[in-house]
Amino acid sequence: MGQPQKSIAAEQQILSLGRVLQSLREEDDVDVLIETTISYLKEQFDYKLIWIALYDRLNHILFGKGGITPDHDTSFLRQRVVLSPGDLLEQVVIEQHPLGVADLQTEIRAAEWRKIAEKFHIQGTIILPIRYKDRCLGLLLLGSERWGYLLTGEAKARLMMVLGELGAVLYQNEMDLQHKQTKRTDEPLLELLENLRTLTNLNQRLETAVQATHKFVSPNRTNVYWFEREGRYFWCRMSNQLVKIDSYSSTQQAAGMTVQELSDFYYALTVNQIVSIGDARSSLKSHFTAKLLQRLKVRSLLAAPIIWQKNLLGFLAVESNEPRIWTETDKNFVQGAAGLISLVATTESMESTIKQIQEDAQLTGQVAQGIYSEHDLQETLHSCAKKVLARLAATRFLLLQYDPEQNNYQFIYQSQPHNRRPLTFALNTLKELDGQLLQHSTQAVEIENLDEDLRFFNWRPFLIESGVRSLLICKCSNGHITAPLLVIAHETHRSWTTLEKELLWAVSQQIGVIVRQWQLHNRTTQQQKSSQAFEQCLRILTQSQNSKTEVEKNHLERTALEQIASILACPLVVLLSWSSGESRAEIIPGVIDNSQFGIFSDASIPIQVEALIQWALATESYLTLKVDNLPPETRKWLSVPDKGQIFVMALRTNTVYETTGVVLLADYQERRWSEQSLSTTATLISQLAWWRREKQITRLLESTTEELRQLNWYKHRRLEEIQRITALSLKQIHDLGIPANELTQMRYQLLLRQLDHTAASMSGMLKLEHWQLHISWETMPIASLLKRSLERIENLLKQQKLWIGVHGLGQQIEDQSPKNSSLTRGIPTSSAQSAMAITGDIVKIELVIHELLVTACNRSQTGGRIDIWCRRLDGSKPSDAKHSSASEGANHQTSLELSITYNGAIESQLLTELHDNTPKDVLAPSNLDQPPALHLLICQNLMQELGGELNFYQLPDNRVVSRLLLPLVGHDS
């Protein structure tokens, strides 16, 4: 019997649960829902204390809705309970989980309920949340006289089902109530839109919008504040209390609010954020909220920005004198009304806006023409700056370029009113964040208040000191890290429209192209200058091979200095030059193009003491310094302005080679030398140093080669002559045999003296002419000299069957045939002829004449004729003599012209190369590199050293002439 009774009881519980759940679903009245739930709990659960309360989320309060007590007094169960931190009831509300208390009488976290528990002897208590999803709607408190709070699984399940259904119904009722109480914004906004469309005047539209907003929200005041960019202030343009307000009326001035006063409120509006300030709630910072409410003299504020194309035109504000919680509906309507105002606000100025757009397009077009025009950069920027400043109502137009050498921004152009001074300082490099801001911006970056804005912080002190208070900044090219910056500055706090910022950005991109084109043009011009300078220097090097005198050398150095000065466009360039072992430097002026720059060329500059020379020698490359750093000793010979700058560089080729000069350039201090120009200048100076060293080496080698050739030829010919005389003497001694009589003995002794003389001459040559020629000074009659020369070639004349004749020695000499063994009969011996004597190094002159005669014999045809012509030249002067000892003694003496003519073959190229003024390429193959042409060249150079001349040419009848000019002994010698 026990088992069927338990089944019936369980069935009754399920039926009772189903009935109460059905009742909860079908009921809409909250009080009936609460009573139904309490009745079910009283019937199904054995609890002496039952309490149900609903939760108010906004105020964090529980409202008691009833229950049961042991004495049936339920008045305190309908009281309002304010939740406090740490309370048991607040814990359940916050955590939304059931909470059990074993003995409510001892629970300190429920002070009021502990008293009730003591009164009704309540111990075990359970507090459960009434919730729907994650939202707490109320609480259920169940108290028992038993200790403990355990519920069976079946009872707990039935209880949670009832509370879950109650929570769902309460949530649905709350939503329905809110929906009924919520004001709909769509119909009023559509009505407002219709009214605005029928009106044509902006003030009428504003008035309609204000009245509609005031009617919907029901505040104390509704106002439209308009923004003036020039002065950065707001003025009340329309109010529900004042129909129309003029922006320049006294009322407006009283109601005007500057951006500086509104601060955070203004910046919130600029980012299209609605500002809500109500009962203990604010979308702004707390310290500024009180300041704003005090400025407007209200307790609550709801403001929506009026924005058109990212430009803040003003804001729509509803104001209340009492603390008020603004609903989402209020916010949506005010925001919608502000949006409608922004749509109709621009129609009034549509014509002026179109005209402005056309003018802006014309402005950008005129700036773009600067890219293709041939005007100077300054002229193009001047025209652009004038138009931009007028369009944007600004005071300064600044164009900056980053200088990597100084690591700062320099002004490459600036424009300002006539009563303002140009800015003379440089701006520091940008911070990383500021650089990224400019890099990623597609319009000008605006600084409305430089005193408060933290952007471009490292520029603030310089700009504020110059009177700048607001500015626009653009990067002139997004593709270049070091692109120029365009800055538009104003002396008051102000803002610019988006259209103006986009216009400036477009202009800046075109200016970037113009500046880039100008930089490329300057770079190309500089490269052309460098190329021309290098070409000119190469031409100088080519010409230097032909420079024989010191005057030509200095001319070439001056030409090279002119090319070096052209790179830096300096008005002064000089060369301080010295040779190895010298203690003082010579000043070689290159360019002096300005009266303020000069040198004292006669000054003696000690190398070891002069500071500029020592500084240059101590510097591996070039050195630049200001004139102020020069010591007084340098200023004595160098005249430059006090505000000048100096460039010095040593003529250094290698660290192991001795430096023999310093190049000095001077210019005004305000002139800036680019790194490329300095590098090019240093390269040209290094090139000049190598050129000077090459010239010195070349001259040394040429001089040494020439001397060694002469010495070798001279010794060879002397040895030939000595060998000839020695062999002849030995043969004669051998022919004489043992002297048998006095005549033979005398002849024998004569031959021995001749051998002694030959040996003595050989000893003198070996002693005095070991490594260089020794120029002696002797005299000899020309007849004797010719006689000896002809004797030496007697065998050669016989072999070639040549005829030879000597003319001009006082009488006509008969032609001597090769059969005549004694040529002495053809030489005059009278006193008149013997008195015509030559002076100089007779041995060397005789060797030259012998070389010319041998050449004539070798080049003449067999059976041909050789003529020797002698002619006195009074007052003649040997040309182009090298050495002073011989040439100075012969300069004012009469000369003897000795010409040897013959019919023979000679190459025209050889005659050209032997010509004294013909340039010679030392590296090219030449006839003069090998004998016999080499011997003729040696004779030619040797005669110049001996104070004479030797020339070769061909007559029209094809006879070859060897013209020798020799100094004659004067009558008083």
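All values below come from the heavy atoms of this structure, side chains included, with hydrogens, waters and symmetry mates left out. Along the sequence shown, residues carry numbers from 1.
Taken from OH in Y40 to CZ in R19, the straight-line distance is 9.5 Å, to the nearest 0.5 Å. A distance of 13.0 Å separates CG of L454 from NZ of K431, quoted to the nearest 0.5 Å. A distance of 9.5 Å separates OG of S495 from CG of L472, quoted to the nearest 0.5 Å. Taking CG from L33 and CZ from R25, the interatomic distance works out to 12.5 Å, rounded to the nearest 0.5 Å. To the nearest 0.5 Å, atom CD of residue E90 and atom NE2 of residue H60 are 4.0 Å apart.
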Exercise for the section: List the steps, then state whether side-chain contact (heavy atoms from CB on, under 4.5 Å) holds for T36 with E27. Expected result: CA-CA 10 Å; T36 302; E27 186 57 56; 5.8 Å; no
Handout entry: T69/L49 under side-chain contact (heavy atoms from CB on, under 4.5 Å): CA gap, chis, key distance, verdict
Key = CA-CA 5 Å; T69 61; L49 179 63; 3.8 Å; yes
Handout entry: From CA spacing to verdict: side-chain contact (heavy atoms from CB on, under 4.5 Å), R158, F45
Key = CA-CA 10 Å; R158 288 187 285 117; F45 299 91; 4.1 Å; yes
Practice task
Start with the C-alpha distance between L140 and I126, add both sets of side-chain angles, then the distance that settles side-chain contact (heavy atoms from CB on, under 4.5 Å), and finish with yes or no.
Solution key: CA-CA 8 Å; L140 169 63; I126 299 176; over 6 Å; no
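Using a distance-only test at 3.5 Å, with no hydrogens or angles considered, a donor-acceptor pair links the side chain of Q105 to the main chain of I122. Under a 3.5 Å cut-off, the side chain of W496 and the backbone N or O of E446 do not form any donor-acceptor pair. A donor-acceptor pair under 3.5 Å is absent between the side-chain atoms of S470 and the main chain of V468, judged by distance alone. Proximity of a side-chain donor or acceptor of T258 to a complementary backbone N or O of E261 within less than 3.5 Å is detected. At least one donor-acceptor pair closer than 3.5 Å links the side chain of S300 to the backbone N or O of E322. Listed for the R469 side chain is no donor-acceptor partner under 3.5 Å among the backbone atoms of L450. The backbone N or O of P129 sits nowhere less than 3.5 Å from a side-chain atom of Q96 that would complete a donor-acceptor pair. Checked by atom type and distance alone, the side chain of R78 never pairs as donor or acceptor with a backbone atom of G64 at under 3.5 Å. Not one N or O on the side chain of D56 forms a donor-acceptor pair closer than 3.5 Å with the backbone of I61. The main-chain N or O of Q436 is found under 3.5 Å from a side-chain atom of H440 such that the two form a donor-acceptor pair.
Contact check on E194 versus R197 returns a salt bridge, with a Lys/Arg side-chain nitrogen under 4.0 Å from an Asp/Glu carboxylate oxygen. Taking the charged nitrogens against the carboxylate oxygens, D330 and R324 do have a contact shorter than 4.0 Å, which makes a salt bridge.
Of the residues listed (T222, N220, N223), the one engaging H214 in a side chain to side chain donor-acceptor pair (under 3.5 Å) is T222, and it is the only one. The side chain to side chain donor-acceptor pair (under 3.5 Å) with E448 is formed by just one residue from the set H490, R229, H493, R232; it is R232.
Using a 4.5 Å cut-off on side-chain heavy atoms (C-beta onward), V81 and E112 make no contact. The shortest distance between side-chain heavy atoms of T497 and Q309 does not fall below 4.5 Å. Contact of the E43 side chain with the V20 side chain is not registered, since no non-hydrogen atoms from C-beta on lie closer than 4.5 Å. Side-chain contact between F216 and T329: present, with at least one pair of heavy atoms (C-beta onward) separated by less than 4.5 Å. Between P305 and N272, the closest side-chain pair of non-hydrogen atoms falls below 4.5 Å. Using a 4.5 Å heavy-atom threshold, the side chains of N240 and Q211 count as touching. Side-chain contact between L438 and F456 is present, with at least one heavy-atom pair separated by less than 4.5 Å. Between E500 and R391, the closest side-chain pair of non-hydrogen atoms falls below 4.5 Å.
No cation-pi contact links R295 to F265, judged by a cut-off of 6.0 Å to the six-membered ring centre and 45° from its axis.
Using bins of under 30°, 30° to 60° and over 60° for the plane-to-plane angle, the ring pair F234/F315 lands in the perpendicular bin. Note on ring orientation: taking the six-membered ring where Trp is involved, the planes of F76 and F120 are parallel (angle under 30°, cut-offs 30° and 60°).
Taking all atoms of both residues into account, the shortest heavy-atom contact from L89 to W51 is CD1-CZ3, 4.3 Å. Across S239 and V210, no two heavy atoms sit closer than the pair C-CG1, 3.8 Å. The minimum heavy-atom distance between I341 and I306, with the atom names listed, is CG2-CD1, 3.7 Å. Summarising the geometry of W326 relative to S276, their closest heavy-atom pair is CD1-OG, 3.5 Å, with the distance given to 0.1 Å. Minimum interatomic distance between V318 and P219 (heavy atoms only, all atoms of both residues): CB-CG, 3.8 Å.
No more than 12 heavy-atom neighbours from other residues, nucleotides or ligands sit within 6.0 angstrom of CZ on F457. Atom NZ of K48 sits in a sparse spot, with 12 or fewer heavy atoms from other residues, nucleotides or ligands closer than 6.0 Å. Within a 6.0 Å radius of CD in Q294, other residues, nucleotides and ligands contribute 12 heavy atoms or fewer. Around the CZ atom of R80, the shell of radius 6.0 Å holds no more than 12 heavy atoms that belong to other residues, nucleotides or ligands.
E107 and W113 form no side-chain donor-acceptor contact under 3.5 Å, judged by distance and modelled atom types alone.
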